[in-house]
Amino acid sequence: MRFFIFLALIAAVPALAQGIAPQDRRSGFETMGPEAQAMQRDDFSNPAMLGVAAGEAAWNSAPANGKPACSGCHGDINATMRGVDARYPARQANGAVMDLTGRIQTCQSQHQAITPEPRESAGLLALQAAVALRSRGMQIEAPASRGLSEAVSRGEALYRQRLGQLNLSCAQCHDDHWGRSLGGTRIPQGHPTGYPIFRLEWQAMGSLQRRLRNCFTGVRAEPFPAGASEWIDLEIYLRQRAAGMASDAPGVRP
Amino acid sequence: MRLSAGAIGFALLLALPAAAQAPMASGAVPEAAPLPVSRPADPASGRKIVVERRRGFCLLCHSGPFPEERFHGDLAPSLAGTGSRWTEGQIRARLIGSTAINPETIMPPYFRKDGGTILTAEEIEDVTAFLTTLRD
C-alpha cells in the first residue's frame, strides 16, 4: 500500500499552539497503568534492565580488532556517563547534531574501527540503555539552552503539522487529547523520558524513533528513513517540551 | 504564552465554524451530493466498515450502538442517533471531508480524488446509508 503525507492546508493555529502548561506535564510512566508502573519500578522485574546488563558487558569488552572497549576510552560508566543522556541529542565538536544512538555508532566506527551496529539492533539498544540509566532521575536539559533553537523550531513545526491520510498532527493527539481513549488505548502526553523502552506490545526493547514511526504509520503517513534528520529534530523538540522533567529511562511502556 | 490581539481574532474566526455545526444550526452545515457509484448503497456493508479497525476505524474516536466491539474511543460524539440529527447530505459531507465543516477537526477526510483516499466512493455511500438508519 502506498502512503502519502498530506501537508497542512492551514498553517499552525495560534489558539492551539499553547501546549501543556509545565505544571500539568505527566510522563508516560505517570499516566500508564499500575501494573506497567510496578514492572518498571522494580529493577528485577523491569525487562529493560536485561538490556542494561548486556550493555554494561558490551561497554567493557574490546572488539576483536585490538581497538579499545568503550571503557578503554571512557572508564567507569557510572562516573563518565552520568547525565549524558539527559543532555542528548547534542551538538558534536564537528558541528553535527546527534542523538545518543548516532553518538554511540560514531564511537564504534571512529574509535573502535568496527561497522556500527544498526539502529534498533539489540546490541545498540543495550548500550544505549546502559548509558541512559546513568541519567535516571535527572532533569532533561533544554536543547534550546545548548544552541539547538533552530532544531527545536523545525521539530515543533513538524509536531504541529497535520500528517498522513488521517490528517492529524502530533499536537492534536498529545497536547489536545491526551488522557482520552483512542479505541482502547489511553493517549499519553508523548514525552520522550523513558527511551530506550521495553514496550509490552513489542515484547522487545525499542528506540524513540521506533515509537515515533508507530505514530506515523498510525496516521498513515510515510515515516522518514531511519536516522533521518527530521527524526532528530522531532526528538529535540520533544526534549525541549519535556525539559525539566525527570528521565525514567530505561522505561517500560504498554 | 502571550497571544497577540491578531492571534486571538484569528482564533475566534476559527471557532465560528465549530459553533455553526451544533445540531440546532444544522441548516448551516454543508450537504454533499451522492458520489457516482457502480452499485446501490448497502447499509449492512456500511456498518461493517464503521466497526472494522482496518477500514473505517470510526470506533477509534466514536462510540455507538456496536456491542460486538469492546473498545470504543471517547474523542468524538456517539454515533447513536446520527440519522436523527443530520441529513443524508450532511453525513456524506462529514465523511468526505470534515475540515469543510470544522477546520480544526480531528476527524480524518475519508474520500479524496487524488489517490490517497481512505474509503472508495462505494464505501462512502454504504457508510452514509448505514448512518441514516441510526435514529434516536
Side-chain angles (χ1 to χ4, degrees), chain A residues 1-25 33 153 156 160-188 201 214-222 240-241 254, chain B residues 1-18 50-64 66 69-78 95-120:
Chain A
M1 164 162 196
R2 280 184 70 195
F3 293 112
F4 298 81
I5 298 183
F6 292 111
L7 300 186
L9 297 176
I10 21 170
V13 178
L16 291 179
Q18 298 171 65
I20 301 168
Q23 69 276 13
D24 296 332
R25 291 179 306 175
S153 307
E156 177 166 11
R160 301 195 178 288
Q161 177 94 68
R162 285 184 183 250
L163 299 167
Q165 278 185 315
L166 269 56
N167 200 36
L168 285 168
S169 70
C170 316
Q172 283 180 303
C173 282
H174 292 294
D175 284 353
D176 302 343
H177 292 98
W178 70 268
R180 302 281 200 95
S181 172
L182 182 73
T185 307
R186 183 85 62 83
I187 303 177
E201 190 177 312
N214 278 199
C215 284
F216 265 65
T217 50
V219 299
R220 301 195 187 176
E222 187 178 1
Q240 181 71 29
R241 185 171 169 266
Chain B
M1 159 169 183
R2 266 176 288 127
L3 286 177
S4 69
I8 291 168
F10 184 38
L12 287 176
L13 205 80
L14 284 172
L16 280 180
V50 168
V51 174
E52 281 177 22
R53 286 222 160 190
R54 300 209 162 270
R55 296 175 76 197
F57 48 83
C58 311
L59 303 185
L60 278 186
C61 295
H62 292 276
S63 56
F66 309 100
E69 171 61 45
R70 252 177 83 211
F71 298 112
H72 294 193
D74 65 3
L75 297 170
S78 167
L95 290 170
I96 290 174
S98 264
T99 46
I101 300 165
N102 170 11
E104 287 179 38
T105 190
I106 57 168
M107 177 155 157
Y110 278 93
F111 186 72
R112 323 179 79 117
K113 291 193 191 124
D114 57 6
T117 196
I118 300 175
L119 296 179
T120 63

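It should be emphasised that the depicted structure is a prediction, and the values quoted were computed from it without experimental measurement. A note on names: the letters A, B, ... follow the listed sequences, proteins ahead of strands, and every chain is numbered from 1.
The closest donor-acceptor contact from the side chain of H177(A) to the backbone of Q172(A) lies under 3.5 Å. Of the possible polar contacts, none joining the R220(A) side chain to the L166(A) backbone as a donor-acceptor pair under 3.5 Å is found.
How far OG of S169(A) is from CD of Q161(A): 9.0 Å, rounded to the nearest 0.5 Å. Distance CZ/F66(B) to SG/C58(B): 7.5 Å, rounded to 0.5 Å.
Among S63(B), C61(B), P108(B), the residue with the largest count of heavy-atom pairs under 4.5 Å with chain A is P108(B).
Contact of I118(B) with chain A is made through backbone and side chain together, with heavy-atom distances under 4.5 Å. Heavy atoms of L182(A) lying under 4.5 Å from chain B belong to its backbone as well as its side chain. Interface remark: F57(B) contributes side-chain atoms only to the contact with chain A (heavy atom separation under 4.5 Å).
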